[in-house]
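Single-structure report; data block below.
A quick note: this is a predicted structure, and the numbers were derived from the prediction, not measured. Both backbone and side-chain heavy atoms feed into the values below; hydrogens, waters and symmetry mates do not. Lettering follows sequence order; numbering is per chain, from 1.
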Amino acid sequence: DTGVSQDPRHKITKRGQNVTFRCDPISEHNRLYWYRQTLGQGPEFLTYFQNEAQLEKSRLLSDRFSAERPKGSFSTLEIQRTEQGDSAMYLCASRLGTPTDTQYFGPGTRLTVL
Amino acid sequence: GEDVEQSLFLSVREGDSSVINCTYTDSSSTYLYWYKQEPGAGLQLLTYIFSNMDMKQDQRLTVLLNKKDKHLSLRIADTQTGDSAIYFCAVINQAGTALIFGKGTTLSVSS
């Protein structure tokens with residue numbers, strides 16, 4: 001399978017715990033994106049990497065959230081001290097970086113904070 | 001700020017055509033996209049249109065773009081029960097770095 005993969009697919013945690021999600025983009029894609037999708041809404045942009053550099057962060061990305069892409073390949077998104085409002089689907093997307101290409105999405109990680 | 005709006009629900013019978021509409025506020029997006037999301041799944045890119053085109057056809061899908069009215073539509077011909085899903089319209093933000101999505105249109109196809 002050469003698509004975008006995410007792990008885990010589902011995560012249930014208690015409020016106050018830390019969680020970390022992983023995204024593996026399509027191998028030659030140098031751009032990687034994280035989005036959050038809550039029930040009944042479209043995905044909302046969180047952050048964007050070009051290779052290992054984090055180039056943009058949305059105001060939705062509070063200081064409890066941190067994302068990394070250490071070697072310009074896979075990325076991790078960590079949420080510290082989770083809150084019930086963090087419950088959502090976290091989607092990762094990647095693209096090649098040429099002007100005409102598009103973003104391809106992974107299956108998402110569904111987070112439930114109890 | 002940039003905004004994308006869609007009607008929330010559409011119900012059709014199998015075999016009919018479906019038309020899903022979208023309006024957007026920022027016309028700087030070079031490409032405009034339609035994504036499909038099935039229950040519990042990620043987003044699948046269906047089709048996209050370059051901003052200097054007004055129509056694109058891809059098998060059962062027809063995309064129409066009216067730049068003057070900032071209106072995008074997706075027509076699905078001969079709709080099947082397998083087309084039941086949520087359809088998202090998306091444009092690129094002004095910075096050219098991320099997609100802005102509508103809230104999605106839930107398409108329900110009855111046999």
Would you compute the distance between atom CG of B:Leu99 and atom CZ of A:Phe105 and round it to the nearest 0.5 angstrom?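 Those atoms lie 5.5 Å apart.
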Out of curiosity, B:Tyr35 OH to A:Gln103 CD, how far, rounded to the nearest 0.5 Å?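 So the gap between those two atoms works out to 5.5 Å.
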Side-chain heavy atoms nearer than 4.5 Å, only ILVMFWY residues, links allowed to pass through others: does that put [X] and [Y] together?
X        : Y        : value
A:Tyr33  : A:Leu111 : no
B:Met53  : B:Leu61  : yes
A:Val113 : A:Trp34  : yes
B:Phe101 : B:Leu10  : yes
B:Val12  : B:Val63  : yes

Taking C-beta and beyond as the side chain, do [X] and [Y] meet within less than 4.5 Å on heavy atoms?
X        : Y        : result
A:Tyr35  : B:Leu43  : no
B:Tyr48  : A:Thr102 : yes
A:Pro43  : B:Phe88  : yes
A:Tyr104 : B:Leu45  : yes

Relative to chain A, which segment of [X] carries a heavy atom at a distance below 4.5 Å: side chain, backbone, both, or neither?
X       : answer
B:Ala98 : both
B:Ala90 : neither
B:Phe50 : neither
B:Gln37 : side chain

Applying a strict 4.5 Å limit to non-hydrogen atoms, the region of A:Glu44 in contact with chain B is neither
Toward chain B, the part of A:Arg9 with a non-hydrogen atom under 4.5 Å: side chain
So with a 6.0 Å cut-off around [atom1] of [X], is the heavy-atom count from everything else above 12?
X        : atom1 : answer
B:Lys56  : NZ    : yes
B:Gln59  : CD    : no
A:Leu114 : CG    : yes
B:Glu5   : CD    : no

Output the option from A:Met89, A:Gln50, A:Gln37 having the highest count of non-hydrogen pairs under 4.5 Å with chain B. A:Gln37
When only heavy atoms count and the cut-off is under 4.5 Å, which of residues 56-75 of chain A reach chain B? A:Glu56
